[in-house]
Amino acid sequence: MSAHLKQRFAECKAEGRPAFVTFVTAGFPKPDSTVDIMLGMQAGGVDVIELGMPFSDPIGDGPTIQKSNTIALENGVTTKQTIDMVRQGRAAGVTIPIVLMGYYNPIMIYGEEQFIKDARAAGACGFIIVDFPPEEAIKFRQICSREGMSYIPLVAPSTTDSRLEILSQIADSFIYVISRMGTTGALTEISEGLPALCARVRKYAGDTPLAVGFGISTAEHFNAVGGIADGAVIGSKLVSVISGLTDPKEINAATKKFCSSICGRVVETSAHEVGPVADSASTVASVLGKKEVTPTAVVSGGDPKAKLAVDFLNGIVAKEEKEHVFPSRFGEFGGQYVPEALFDCLVELEKVFETAVNDPTFWEEYRSYYPYIGRPGKMHLAPRLTKHAGGANIWLKREDLNHTGSHKINNALGQVLLARRLGKTEIIAETGAGQHGVATATIAAKFGMKCTVYMGAEDVRRQALNVFRMKLLGASVVAVDAGTRTLRDAVNEALRSWVTNLSTTHYVIGSAIGPHPFPTIVRTFQSIIGNETKQQMQEYRGKLPDAVVACVGGGSNSSGMFYPFVEDKTVKLLGVEAGGDGVDTDRHSATISAGSVGVLHGNKTYVIQDKDGQILDTYSVSAGLDYPGVGPELSMWKDTGRADFVAATDAQALEGFRLLSQLEGIIPALESSHAIYGAVELAKTMKPDQDIVICLSGRGDKDVESVAENLPRLGPLIGWDLRF
């Protein structure tokens, strides 16, 4: 129904007015209110409806839209139900174009082609996908073209001219222009740079209409934008207007009143009761009052513009991939599934990283700080732990002895050096257990840079010592109250902050997660662990280890330990995930062991999600492993069989904690305790002349209170009666 969108913008132009586009999240504030809202929009003079498909982790949206997504999901709204709401809206008399807007993961889980076909049959006209990388957009655009549907690209102030050329080729109805850097949300004034931005987009878009969104909330804003662009989008303000309302008639009236106050129009329609609608294009066409347009008719003759766009995009994507020193994907995993505003910054970061790692002076500077961070790291045999296991020799790679008490400083130092090369003056980071936050705050203090650390409110509570350490180092700590109030939510908030402050700020991601090039950057700086282990084992034993073991949350210490051994096929790679109360329960963080392929925080990887592609809450006694995703490179190692992964429950991790504390006099982090348990179990199956190295990723002083808190629950499960 791309033609319906084109016609609507043409009608607005002929009438000498901007198109009015409004957004609401499907199922907000209640599932049965969505049709009433759409009817209210139409009656209030709206030209195009954006119906948001709820997603658990909408990183491109501000607080208002985030909250509406959360409420819609609590109301049980799914992607299929959202499509059904379009069908119901058409049955009730909504005739204006409806565009579905959302994030990729629920669409991927649904099945792209089936999703597009079902949306078309229901009466939708097109799609806006917030976090689509170009290579995915090509395939999606082809299916849309075949089905006569529109794919609407987004452009941002940071979008480069080369990407504008690509995105303009994709557009077939209109282009969504993001007015400012940041997330969605109502503002008091329109960006001063909007006229120049629209002029730059028009150089490549030609006659394709431009609709401007982000920050528009008043009639004054609407009229100002209408003098620059072909349309204006309002979302957050409308969501705020209907928030808290429950009566369907009241919601309909409030929507109509607000929309009419913005555009100065009232449109009388003859709505009727919502009823069942046949799943056919002919029924939708009758509702719209137009001749049925079949998919075949839409693309007859091959749709030359669509074919040109696809050919052009394929060439550009292939050219960009060849220019990468490091691949953007690990098999099917990885990629850059991010809002448009982040693409240029990621390109800039990748170029600086590629230059740095091939510049001997960069590594000379990095190594010059070895005395400061405590490298080279130590490694030694754990004789009593070895005797307890009764099998292979167990060695400890002592990352806990680094400055700040964990492996995290390896990556923090490297990324802050990159930030300095980028000319950034501010640093942000996410943290779970607090070790990455402390390491980043430490390096930021060393170089005199402002530092803000995002941390889930629950982690702030259980890691109070590290919170205090960060503050002592001069960092600001932002407690995130959204979701489960843990690491996942901290990553969401850090990404939102970064997209708002790209010009001055670098985001030091602590795990091997996120969009390319972050997984490669983190793995590169953490590979010092595996490289030293390989060298030290040759010195001590004259051979490679038979196995290396690391805990797995996002994957920073495990990717750093494993990567140098990937080509050494005789070395077993074992990752130990957080099994929580057991992978057969819903209280665990064993992403690889019990998850499925999805998209989270900018990359395709294994995630813990439901059947509709919504990211599920996770749990672990260990704050640093309490994350529903994993690094994409580890996902590839899992699928290729190069690495094995097991899960240790909370009780088993506590057993690992006790064993190392009482047998070797080393109190480990709860994260590392998972690896200790897994390594002991592995050692029992091996011979006395074989060697296992555990990455002891962090020290446990931060976890003493958590252990004491959990001992009454977990102690009896392992026979540990420790009284205070």
Visitor: My understanding is that only one of R329, R642, R523, K638 makes a salt bridge (Lys or Arg N to Asp or Glu O under 4.0 Å) with E633; could you say which?
Guide: R523
Visitor: Keeping to residues at least two apart or across chains, list the salt bridge (Lys or Arg N to Asp or Glu O under 4.0 Å) pairs with something in residues 369-397.
Guide: R375-E399, R375-E532, K397-E532
Visitor: Any ring-ring contact (aromatic ring centres under 6.0 Å, His included) pairs touching residues 653-681, not counting sequence neighbours?
Guide: none
Visitor: Enter the distance from H403:NE2 to K446:NZ here, rounded to the nearest 0.5 Å.
Guide: 8.5 Å
Visitor: Checking the side chain of R658 only, and the main-chain atoms of L663 only, is there a donor and an acceptor separated by less than 3.5 Å?
Guide: no
Visitor: If you measure from CG on L349 to NE2 on H516, what distance do you get to the nearest 0.5 Å?
Guide: 9.0 Å
Visitor: Roughly how far, to the nearest 0.5 Å, is the CG atom of D644 from the CG atom of L574?
Guide: 6.5 Å
Visitor: Measure from the side-chain N and O atoms of Y337 to the backbone N and O of Y103, and report whether any donor-acceptor pair falls under 3.5 Å.
Guide: no
Visitor: Testing the 3.5 Å rule here: is there a donor-acceptor pair between the side chains of Q415 and N411?
Guide: yes
Visitor: Please confirm whether the backbone N or O of N501 pairs with a side-chain atom of T505, one donor and one acceptor, at under 3.5 Å?
Guide: yes
Visitor: Heavy-atom distance under 4.5 Å between the side chains of C551 and S697, does that happen here?
Guide: yes
Visitor: Can you tell if the side chain of V477 reaches within under 4.5 Å of the side chain of K471, non-hydrogen atoms only?
Guide: yes
Visitor: Under the ring-ring contact (aromatic ring centres under 6.0 Å, His included) rule, what pairs show up with a residue in residues 535-593, not counting sequence neighbours?
Guide: W395-Y540
Visitor: Where do Q463 and D703 land on the side-chain hydrogen bond (donor to acceptor under 3.5 Å, both in side chains) test, with the steps shown first?
Guide: CA-CA 7 Å; Q463 296 293 334; D703 291 318; 3.0 Å; yes
Visitor: Near E332 CD, under 6.0 Å, is it more than 12 heavy atoms from other residues, nucleotides or ligands?
Guide: yes
Visitor: Any idea which heavy atoms bring S559 and A512 closest together, and the distance?
Guide: OG-CB, 3.8 Å
Visitor: With a 4.0 Å cut-off on N to O distance, would you call D481 and R485 a salt bridge?
Guide: yes
Visitor: Carefully, step by step, assess Q435 and N466 under the rule side-chain hydrogen bond (donor to acceptor under 3.5 Å, both in side chains).
Guide: CA-CA 7 Å; Q435 291 297 92; N466 274 342; 2.9 Å; yes
Visitor: Looking at I513, is its backbone amide N or carbonyl O close enough to the side chain of S511 to form a donor-acceptor pair, meaning the two atoms are under 3.5 Å apart?
Guide: no
Visitor: Do S593 and V646 have side chains that get closer than 4.5 Å, going by heavy atoms?
Guide: no
Visitor: Is it the case that the side chain of S56 and the backbone of I615 share a donor-acceptor pair, with hydrogens and angles ignored and the cut-off at 3.5 Å?
Guide: yes
Visitor: To check you understand the geometry: which heavy-atom pair defines the closest contact between A392 and D691, and what is its length?
Guide: CB-N, 4.4 Å
Visitor: On a heavy-atom basis, which atom in I666 and which in L696 lie closest, and how many Å separate them?
Guide: CG2-CD2, 3.8 Å
Visitor: Give me each pair satisfying ring-ring contact (aromatic ring centres under 6.0 Å, His included) with a member in residues 616-656, each pair once, sequence neighbours excluded.
Guide: H601-Y627
Visitor: With sequence neighbours left out, what residues match R462 under salt bridge (charged side-chain N to carboxylate O under 4.0 Å, His left out)?
Guide: D459, D626
Visitor: Answer whether the closest heavy-atom distance between the side chains of Q609 and N105 falls below 4.5 Å.
Guide: yes
Visitor: Test side-chain hydrogen bond (donor to acceptor under 3.5 Å, both in side chains) on S635 and T605; report intermediate values, then the result.
Guide: CA-CA 6 Å; S635 292; T605 186; 2.6 Å; yes
Visitor: Please report the C-alpha distance between Y606 and F333 in whole Å, then the side-chain angles of each, then the deciding distance to 0.1 Å, and finally whether the ring-ring contact (aromatic ring centres under 6.0 Å, His included) criterion is met.
Guide: CA-CA 9 Å; Y606 276 91; F333 303 105; 5.7 Å; yes
Visitor: For D701 versus L465, what's the shortest heavy-atom pair and its separation?
Guide: O-CD2, 4.1 Å
Visitor: Looking only at the side chains, is there a donor atom on one of E426 and H506 sitting less than 3.5 Å from an acceptor on the other?
Guide: no
Visitor: If we only count heavy atoms from C-beta on, is the L660 to L385 side-chain gap below 4.5 Å?
Guide: yes
Visitor: Just list the side-chain donor-acceptor pairs under 3.5 Å for residues 679-689, sequence neighbours left out, or say none.
Guide:
| from | atom 1 | to | atom 2 | distance (Å) |
| --- | --- | --- | --- | --- |
| E681 | OE2 | K684 | NZ | 3.0 |
| T685 | OG1 | L682 | O | 2.6 |

Visitor: Kindly state each residue pair satisfying salt bridge (Lys or Arg N to Asp or Glu O under 4.0 Å) with at least one member in residues 706-715, sequence neighbours excluded.
Guide: R461-E709, D581-R713, D650-R713
Visitor: Charged N to carboxylate O below 4.0 Å: is that the case for E671 and K702?
Guide: yes
Visitor: Taking all non-hydrogen atoms of both residues into account, name the closest pair between P632 and K604 and its distance.
Guide: CB-O, 3.8 Å
Visitor: So with a 6.0 Å cut-off around CD of E539, is the heavy-atom count from everything else above 12?
Guide: yes
Visitor: Given 3.5 Å as the limit, does a donor-acceptor pair link the side chain of D639 with the main chain of M636, or not?
Guide: no
Visitor: Can any side-chain N or O of S406 pair as donor or acceptor with the backbone N or O of N402 at less than 3.5 Å?
Guide: no
Visitor: Are V338 and L346 close enough that some pair of their side-chain heavy atoms sits under 4.5 Å apart?
Guide: yes
Visitor: Not counting sequence neighbours, list each pair that qualifies as a salt bridge (Lys or Arg N to Asp or Glu O under 4.0 Å) and has a residue in residues 546-566.
Guide: K543-D546
Visitor: If we only count heavy atoms from C-beta on, is the R398 to I694 side-chain gap below 4.5 Å?
Guide: no
Visitor: Is there a donor in the side chain of K408 and an acceptor in the side chain of S556, or the other way round, less than 3.5 Å apart?
Guide: yes
Visitor: Side chains of E577 and T591: does their closest heavy-atom pair fall under 4.5 Å?
Guide: yes
Visitor: Restricting to ring-ring contact (aromatic ring centres under 6.0 Å, His included), what partner residues turn up for Y454, sequence neighbours left out?
Guide: none
Visitor: Say you draw a straight line from OG1 of T431 to CG of L487; how long is it, rounded to the nearest 0.5 Å?
Guide: 7.5 Å
Visitor: Test your reading of the model: is there a side-chain donor-acceptor pair from T386 to the backbone of A382, 3.5 Å cut-off?
Guide: yes
Visitor: Any chance the rings of F326 and F353 have centres within less than 6.0 Å?
Guide: yes
Visitor: Could you report the tightest heavy-atom contact between L502 and L342, atom names first, then the distance?
Guide: CD2-CD2, 3.7 Å
Visitor: Take K450 and T425 through the test side-chain hydrogen bond (donor to acceptor under 3.5 Å, both in side chains) and record every step on the way to the result.
Guide: CA-CA 7 Å; K450 180 181 177 182; T425 58; over 6 Å; no
Visitor: Taking salt bridge (Lys or Arg N to Asp or Glu O under 4.0 Å) as the cut-off, I'd like each qualifying pair that reaches into residues 427-444, sequence neighbours left out, listed once.
Guide: none
Visitor: Can you name the residues that form a salt bridge (charged side-chain N to carboxylate O under 4.0 Å, His left out) with D610, not counting sequence neighbours?
Guide: none
Visitor: List the atom pairs, with distances to 0.1 Å, where a side-chain N or O of residues 365-374 and a protein N or O form a donor-acceptor pair under 3.5 Å, not counting sequence neighbours.
Guide:
| from | atom 1 | to | atom 2 | distance (Å) |
| --- | --- | --- | --- | --- |
| Y366 | OH | N410 | O | 2.8 |
| S368 | OG | E365 | O | 2.5 |

